[in-house]
Amino acid sequence: MECFPTQLIGIFGAGNESAYYTEFAVRSFRTYLCMMVLATMNKGTFIYLQALGKAVESTIISLTREVIFGVALPIILPIFFGLDGLLYSFPAADILTFLITIVIIRQTYGDLRDDDQQEVAG
């Protein structure tokens, strides 16, 4: 997405479009997808939490990204930043969800550590 955005856009039939269209499409690809790494970490984390039997925490991460930030930010940010607000809404959602994910994972590791220490002591 970062190295070959023009070629990727061409897959969708953009080869015959104007230079302005291609320029905007490249900018959109780069902006909208710039935090894709965090999105994959968020998804991996809520799958990991499901595997641990922590359904509430897993649901919180999933709903936070997809519903709370995924719906609210594309509505709110364009009011203040115009089209750029829309483009930055999903990277912002990924960053905010990642911060919540860090808090939940730290809490989970603390709980697991406490459980392990209780087993050793018991």
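Note that the numbering runs from 1 along the sequence shown for the chain. Being a predicted model, the structure only gives us computed values, none of them experimental.
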If you define the side chain from C-beta out and look only at heavy atoms, does anything of [X] sit under 4.5 Å from [Y]?
{"X": "Thr97", "Y": "Leu38", "value": "no"}
{"X": "Gln7", "Y": "Ile11", "value": "no"}
{"X": "Glu57", "Y": "Leu52", "value": "no"}
{"X": "Phe98", "Y": "Asp94", "value": "no"}
{"X": "Thr101", "Y": "Met41", "value": "no"}

Measure the [atom1]-[atom2] distance between [X] and [Y] for me, rounded to the nearest 0.5 Å.
{"X": "Ile100", "Y": "Arg65", "atom1": "CD1", "atom2": "CZ", "answer": "12.0 Å"}
{"X": "Leu77", "Y": "Leu83", "atom1": "CG", "atom2": "CG", "answer": "12.0 Å"}
{"X": "Phe81", "Y": "Leu86", "atom1": "CZ", "atom2": "CG", "answer": "13.0 Å"}
{"X": "Phe90", "Y": "Leu73", "atom1": "CZ", "atom2": "CG", "answer": "8.5 Å"}
{"X": "Asn42", "Y": "Ile102", "atom1": "CG", "atom2": "CD1", "answer": "9.0 Å"}
{"X": "Ile61", "Y": "Ile104", "atom1": "CD1", "atom2": "CD1", "answer": "4.0 Å"}

Does atom CD of Glu66 have more than 12 heavy-atom neighbours, drawn from other residues, nucleotides or ligands, at distances under 6.0 Å?
yes
Transitively linked via ILVMFWY side-chain contacts under 4.5 Å: [X] with [Y]?
{"X": "Val71", "Y": "Leu96", "answer": "no"}
{"X": "Ile75", "Y": "Phe69", "answer": "no"}
{"X": "Leu8", "Y": "Leu33", "answer": "yes"}
{"X": "Val67", "Y": "Leu49", "answer": "no"}
{"X": "Ile68", "Y": "Ile79", "answer": "yes"}

Are Val56 and Ile60 close enough, and set up right, to give a side chain to side chain contact (heavy atoms under 4.5 Å, CB included), and what steps lead you there?
CA-CA 6 Å; Val56 173; Ile60 288 171; 4.0 Å; yes
